[in-house]
Amino acid sequence: MADYDTAIFDVDGTLVDTNYHHALAWFRAFRRHDLTVPIWRLHRAIGMGGDHVVPAVAGDDVEERLGEQLRADWSDEFDALLGEVQPFDGVRELLDDVRRRGFTLVLASSGKAEHVDHYLSLFGGAELAEAWTTSADVEQTKPAPDLLQAALEKVGGRSAVLVGDSVWDFRAGARLGIPGYGLLTGGFSAGELREAGAAEVFESPAQLHEHLDDVCR
């Protein structure tokens, strides 16, 4: 990491424990239309932007007929769960240490602005980060690389390293030549994260913090 000036941290599933809340909200959104998508399949799509989830799990026909409504229904269902979201242990300490080591810290999310604001309030993210993104900053979400490009541009970064929890993070990073470190907090296996491009994988933000001296050499 010593060769990079910017550290980009994914938010959902990496800093705050949301992936299974998202999967349940999508399940309930589909059930509003008498469609049953297994939660395990929904989980596999979490980390993509919402514009990709419906066709990925239910096909292009469902996307064409119900995509916008399903996303609105998902939002309603997720809003009801938002108060249950918690940050992972050690997040603030990790981010504070990364910043002290001289990295420009930017948080990358394609979530709704009100959701991102709530997440940041849970661990003081607005005080720690130089900038953060929301759905308003991009037209194409992960696995497209636009979100990471927007994050880098917001802070005028020259080169970046990424920390994320899903295969979609690292597939997006690979398209920009951005290397990264994976966390198991999103429910993807270490093998899957490495195959997608993660250089190393850690169990949690706290474990990454424990090994930060090694990572930053």
Side-chain angles (χ1 to χ4, degrees), residues 1-19 22 44-53 55-56 87-88 91 94-95 97-99 101-113 115-117 119-120 123 125-126 128-188 190 192-202 204-205 208 212 215-216:
M1 287 176 68
D3 295 329
Y4 304 96
D5 59 19
T6 303
I8 301 175
F9 278 77
D10 174 64
V11 179
D12 272 275
T14 300
L15 303 179
V16 291
D17 193 2
T18 56
N19 282 20
H22 282 304
R44 305 294 299 172
I46 301 304
M48 290 183 178
D51 52 330
H52 295 294
V53 170
F88 291 109
V91 163
L94 169 62
L95 297 182
D97 198 355
V98 167
R99 191 177 65 167
R101 291 168 186 262
F103 293 95
T104 299
L105 179 63
V106 57
L107 308 180
S109 174
S110 59
K112 296 168 61 176
H115 292 169
V116 177
D117 288 345
Y119 301 152
L120 269 56
F123 58 87
L128 294 170
E130 290 292 326
W132 54 89
T133 66
T134 71
S135 59
D137 292 305
V138 292
E139 293 185 6
Q140 291 290 318
T141 56
K142 291 178 291 187
D146 304 33
L147 186 70
L148 301 181
Q149 184 68 50
L152 195 57
E153 290 175 354
K154 272 181 175 280
V155 296
R158 174 183 54 82
S159 59
V161 63
L162 168 68
V163 177
D165 68 287
S166 78
V167 297
W168 314 111
D169 294 323
F170 300 106
R171 290 177 186 176
R175 294 174 68 176
L176 292 178
I178 295 176
Y181 296 87
L183 301 183
L184 296 179
T185 47
F188 289 89
E192 289 172 311
L193 295 173
R194 289 192 180 98
E195 185 178 354
E200 293 186 50
V201 179
F202 300 92
S204 64
L208 172 57
L212 206 54
V215 170
C216 290

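Remember, predicted model here, so these are calculated numbers, not experimental data.
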Not counting sequence neighbours, which residues clear side-chain contact (heavy atoms from CB on, under 4.5 Å) with L184? List them please.
-> A190, L193, V201

Tell me, which pairs form a salt bridge (charged side-chain N to carboxylate O under 4.0 Å, His left out) where one or both residues lie in residues 146-157, sequence neighbours left out?
-> D137-K154

Can you tell me how far the CG atom of L107 sits from the CG atom of L95, to the nearest 0.5 Å?
-> 6.5 Å

Are V163 and L208 side-chain neighbours, meaning at least one heavy-atom pair lies under 4.5 Å?
-> yes

Is the closest side-chain heavy-atom distance between T104 and V106 below 4.5 Å?
-> no

Verify whether one side chain among D51 and T141 offers a donor that lies under 3.5 Å from an acceptor in the other.
-> yes

Rounded to the nearest 0.5 Å, what's the gap from CG on D165 to CG on D17? Could you check?
-> 10.0 Å

Any D12 side-chain heavy atom under 4.5 Å of H115 side chain | no

Taking side chain as C-beta onward, heavy atoms only, is Y119 less than 4.5 Å from T18?
-> yes

Distance from L120 atom CG to L15 atom CG, nearest 0.5 Å?
-> 8.5 Å

Using a 4.5 Å cut-off on heavy atoms from C-beta on, say whether the side chain of S159 contacts that of D5.
-> yes

What distance do I178 atom CD1 and L162 atom CG have between them, rounded to the nearest 0.5 Å?
-> 7.0 Å

Start with the C-alpha distance between V161 and Y181, add both sets of side-chain angles, then the distance that settles side-chain contact (heavy atoms from CB on, under 4.5 Å), and finish with yes or no.
-> CA-CA 8 Å; V161 63; Y181 296 87; 3.6 Å; yes

For the student: nearest non-hydrogen atoms of P143 and W168, plus distance = CB-CE3, 4.0 Å

Contact list for residues 101-111, test salt bridge (charged side-chain N to carboxylate O under 4.0 Å, His left out), sequence neighbours left out = D97-R101, R101-D213

State, with a plain yes or no, whether a side-chain heavy atom of R44 is found less than 4.5 Å away from one of E192.
-> yes

Side chain to side chain, S166 and I46, heavy atoms closer than 4.5 Å = no

Closest non-hydrogen atom pair, F103 against A7 = CB-CB, 4.1 Å

Which pair of heavy atoms, one from T14 and one from P205, lies closest together, and at what distance?
-> O-CG, 3.5 Å

Worked verdict on V91 versus F9 for side-chain contact (heavy atoms from CB on, under 4.5 Å) | CA-CA 11 Å; V91 163; F9 278 77; over 6 Å; no

Write down the atom of S110, the atom of S135, and the distance for their closest heavy-atom approach.
-> O-CB, 3.2 Å

For the student: nearest non-hydrogen atoms of T134 and A113, plus distance | CG2-CA, 3.9 Å

Across all chains, not counting sequence neighbours, the ring pair (Phe, Tyr, Trp, His ring centres under 6.0 Å) partners of F88 are none

Nearest heavy-atom neighbours spanning S109 and V116 | OG-CG2, 3.4 Å

Name all residues meeting the side-chain contact (heavy atoms from CB on, under 4.5 Å) criterion together with R175; count only those two or more places apart in sequence or in a different chain, and write none if there are none.
-> A144, P145

Residues passing the side-chain contact (heavy atoms from CB on, under 4.5 Å) test with D117, sequence neighbours excluded, are W132

